[in-house]
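We're numbering straight along the sequence, starting at 1. Atoms within each ligand, like the ligands themselves, are counted from 1 in listed order.
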Amino acid sequence: MMKKCLVTGGAGFIGSNLVERLVDASVQVKVLDNLSSGFLQNLEPFRGYIDFKEGDVRDIATLQEIMSDVEVVFHQAALVSVPQSIEDPIETAMVNDLGTLNVLEAARHSGVRRVVFASSCAVYGDLPQLPKKEEMDTKPLSPYAASKLHGETYARLYGDLYGLETVCLRYFNVYGPRQDPSSPYSGVISIFMDKAARGAPPIIYGDGEQYRDFVYVVDVVQANLLAAQRENVSGVVINLGTGKSVSVNSLWKHISELAGVQDEPKRANSRPGDIRQSVAEISRAQELLDFEPRYSLEEGLRLTWEWYRSRSY
Ligand code: UD1
């Protein structure tokens with residue numbers, strides 16, 4: 001296990017779950033977050049055990065300073081909204097493209113051993129082949145997806161040109177405690193949980209038979225730890241999903257049963273650009289990382305529901 005690491009975006013949903021696990025494993029953790037979409041409250045239970053700095057990945061001097069004694073960087077900081085990226089492609093490029101390049105450049109100059117980069121299945125776009133395999137073509141449909149693909153390219157280059165170890169994890173639909181439900185573009189599970197907790201009906205866009213590969217955040221955290229430690233993974237991109245899928249209709253059925261609510265969902269037209277089907281092929285993660293998703297959807301939803309139920313509204 002590494003001794004000291006940096007988590008960029010560590011006050012966010014995935015970042016804070018990762019920080020918690022690293023603290024549990026007695027790793028010294030530094031967190032850099034500009035709190036634009038993360039919350040200090042996400043770090044509250046273990047705030048005393050980490051070194052938090054409010055700062056921005058657009059600022060390379062801050063990155064260089066904070067990485068001076070770090071072995072591994074988990075780069076989670078990003079603008080994560082696809083619609084926001086379509087509205088503001090320049091801002092997205094500044095934070096995601098340039099931010100990732102800054103992280104890699106600071107890592108190169110600071111003697112960091114490895115950077116683990118949070119990429120996205122969005123890089124596949126709507127190409128019809130399923131399940132999604134890493135060697136398939138990519139076709140970003142948004143500045144967000146393009147920025148993740150650019151990040152992957154830079155990560156590989158920094159290995160080839162400068163010998164910096166990099167691993168890119170292509171996250172599928174991640175869910176779990178601390179996912180913020182407050183925007184209409186938040187992850188569907190966080191929105192459905194929030195509706196169920198408030199006793200309000202959700203909206204299902206389209207016929208609801210579109211499906212996704214939902215992966216529980218604790219499994220994503222585990223894959224990050226493996227990606228930080230395994231040999232012979234540098235320069236590769238790895239899908240991070242479960243290999244299983246569920247439709248939006250059955251998702252609401254599961255959640256409404258868990259919550260004991262009877263609400264019939266409202267129906268609305270499908271969203272422009274909505275991807276019909278998405279599921280990961282995960283054999284590369286199994287082979288290279290020994291990764292196995294440990295949480296079934298039922299178990300993950302149950303744990304997530306406990307968290308949303310206990311939030312104060
Ligand atoms: C997710 C990611 C996105 C990534 C994409 C790649 C999130 C928030 N977004 O988008 O960054 O580019 O994967 O495939 O994780 N839905 C409803 N009702 C709602 C909300 C959503 O029916 O209230 C439906 C959507 O129309 C969609 C499905 O649920 O069909 C999943 O939506 P969402 O959680 O937003 O994720 P993706 O669109 O897959």
**Study point:** Under 4.0 Å from ligand 1 - residues by heavy atom, chain and number
**Key:**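 Correct list: Val80, Val82, Cys121, Ala122, Tyr144, Asn173, Tyr185, Ser186, Gly187, Val188, Ile191, Phe192, Ile203, Ile204, Tyr205, Gln210, Arg212, Val248, Arg271, Asp274, Ile275.
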
Practice item. Show the numbers, then the answer: is there a side chain to side chain contact (heavy atoms under 4.5 Å, CB included) between Phe117 and Lys148? Key: CA-CA 9 Å; Phe117 172 55; Lys148 289 296 176 182; 3.9 Å; yes

Practice item. Kindly indicate, with the supporting measurements, whether the criterion salt bridge (Lys or Arg N to Asp or Glu O under 4.0 Å) is fulfilled by Arg170 and Glu152. Key: CA-CA 9 Å; Arg170 285 182 179 165; Glu152 289 185 2; 2.7 Å; yes

Check your understanding: Which value, rounded to the nearest 0.5 Å, describes the distance between His254 atom NE2 and Phe192 atom CZ?
Key ->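 Going from the NE2 atom of His254 to the CZ atom of Phe192 covers 12.0 Å.
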
Practice item. Before accepting this row, confirm whether a basic side-chain N of the pair Arg302/Glu306 lies closer than 4.0 Å to the acidic partner's carboxylate O. Key: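 Judged by the 4.0 Å cut-off on N to carboxylate O distance, Arg302 and Glu306 do form a salt bridge.
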
Point to revise | Sidechain-backbone polar pair: Asn239 side chain, Lys132 backbone, donor-acceptor under 3.5 Å | key: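 Confirmed, Asn239 side chain pairs with Lys132 backbone.
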
Practice item. Name the orientation class of the two ring planes belonging to Tyr124 and Phe172 (parallel below 30°, tilted from 30 to 60°, perpendicular beyond 60°). Key: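 The rings of Tyr124 and Phe172 sit tilted, inter-plane angle from 30° to 60°.
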
